[in-house]
S.K.: 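The structure's right below; bear with me while I get my questions together.
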Amino acid sequence: IIELTSKEADLLFLLYSSANQTIERDAILNAVWGDEGDYVGRTLDVFISKLRKKLEADSNLKIINIRGIGYRLVLNN
């Protein structure tokens, strides 16, 4: 069992809902943080980093950065 904050859970659910597809940064920011201001741009990177660390034990999951576009959750089955 891995404990996640509510934002981490929202972010992971969003990525999982579109597994193996790229989600644009703006779409992630709007879905998870809504209109909480400009500071959330870097916050997204921090949350992605936290999720990567929490999920690193599972070699079937990987969150990758699509440079200049967004992120993708890659599931290896």
Side-chain angles (χ1 to χ4, degrees):
I1 295 175
I2 299 171
E3 289 190 29
L4 301 174
T5 65
S6 63
K7 293 290 188 197
E8 289 171 340
D10 292 345
L11 177 55
L12 183 57
F13 179 77
L14 180 64
L15 291 169
Y16 182 78
S17 297
S18 298
N20 299 313
Q21 298 175 4
T22 301
I23 305 175
E24 294 182 7
R25 289 182 65 88
D26 288 342
I28 296 170
L29 290 170
N30 286 332
V32 177
W33 282 274
D35 287 334
E36 292 185 22
D38 294 332
Y39 72 92
V40 294
R42 183 70 185 121
T43 302
L44 173 58
D45 300 329
V46 171
F47 273 79
I48 290 288
S49 179
K50 288 180 181 182
L51 275 180
R52 284 178 174 151
K53 287 179 183 172
K54 290 182 177 187
L55 301 173
E56 68 186 356
D58 189 343
S59 61
N60 292 316
L61 295 174
K62 188 174 183 182
I63 300 173
I64 61 171
N65 178 26
I66 308 303
R67 190 163 183 240
I69 299 174
Y71 291 95
R72 178 184 304 160
L73 176 67
V74 178
L75 300 178
N76 299 321
N77 293 339

S.K.: Go through the steps to decide whether D45 and Y71 satisfy the test side chain to side chain contact (heavy atoms under 4.5 Å, CB included), and finish with yes or no.
M.R.: CA-CA 10 Å; D45 300 329; Y71 291 95; 2.7 Å; yes
S.K.: Measure across N65 and R52 and return the closest heavy-atom pair with its distance rounded to 0.1 Å.
M.R.: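 For N65 versus R52, the nearest heavy atoms are N-NH2, 3.6 Å.
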S.K.: So how far is it from N30 CG to R25 CZ, rounded to the nearest 0.5 Å?
M.R.: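 One finds 12.0 Å between CG of N30 and CZ of R25.
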S.K.: Using 0.5 Å steps for rounding, measure from the CD1 atom of I63 to the CZ atom of F47.
M.R.: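 Going from CD1 on I63 over to CZ on F47, the span is 12.5 Å.
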S.K.: State the CD1-OG1 distance between I66 and T22, to the nearest 0.5 angstrom.
M.R.: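 Rounded to the nearest 0.5 Å, the CD1-OG1 separation comes out at 4.0 Å.
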S.K.: Please say yes or no: joined through hydrophobic side-chain contacts below 4.5 Å, possibly via intermediate residues, are I23 and F13 part of one cluster?
M.R.: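 They do not share one cluster, since no chain of ILVMFWY contacts under 4.5 Å joins I23 to F13.
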S.K.: Is there a chain of hydrophobic side chains (I, L, V, M, F, W, Y, each step under 4.5 Å between heavy atoms) that links I2 to V32?
M.R.: yes
S.K.: Is K62 atom NZ crowded by more than 12 heavy atoms from other residues, nucleotides or ligands, each under 6.0 Å away?
M.R.: no
S.K.: Over all heavy atoms of both residues, which pair between L14 and A31 is shortest? Give the atoms and the distance, please.
M.R.: CD2-CB, 3.8 Å
S.K.: Can you tell me how far apart CG (L55) and CG (L15) are? Round to the nearest 0.5 Å.
M.R.: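 The distance works out to 9.5 Å.
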S.K.: Starting from the C-alpha separation in whole Å, work towards a yes-or-no answer on side chain to side chain contact (heavy atoms under 4.5 Å, CB included) for V74 and N20.
M.R.: CA-CA 5 Å; V74 178; N20 299 313; 3.8 Å; yes
S.K.: Decide side chain to side chain contact (heavy atoms under 4.5 Å, CB included) for L44 and L11; before the verdict, give the C-alpha distance in whole Å, the side-chain angles of both, and the deciding distance to 0.1 Å.
M.R.: CA-CA 9 Å; L44 173 58; L11 177 55; 4.1 Å; yes
S.K.: Flag yes if L4 and L75 sit in one hydrophobic cluster, no otherwise; membership is Ile, Leu, Val, Met, Phe, Trp, Tyr, and two members link when side-chain heavy atoms are under 4.5 Å apart.
M.R.: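 Same hydrophobic cluster.
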S.K.: Before accepting this row, confirm whether a basic side-chain N of the pair K7/D10 lies closer than 4.0 Å to the acidic partner's carboxylate O.
M.R.: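 No, this pair does not count.
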S.K.: For E8 and K54, work out which heavy atoms get closest and say how close.
M.R.: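 Where E8 meets K54 most closely, the heavy atoms are OE1-NZ, 2.8 Å.
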S.K.: Can you tell me how far CG of L73 sits from CD1 of I64, rounded to the nearest 0.5 angstrom?
M.R.: 9.5 Å
S.K.: If you compare all heavy atoms of L51 against all heavy atoms of L12, which two are closest, and at what distance to 0.1 Å?
M.R.: CD1-N, 4.0 Å
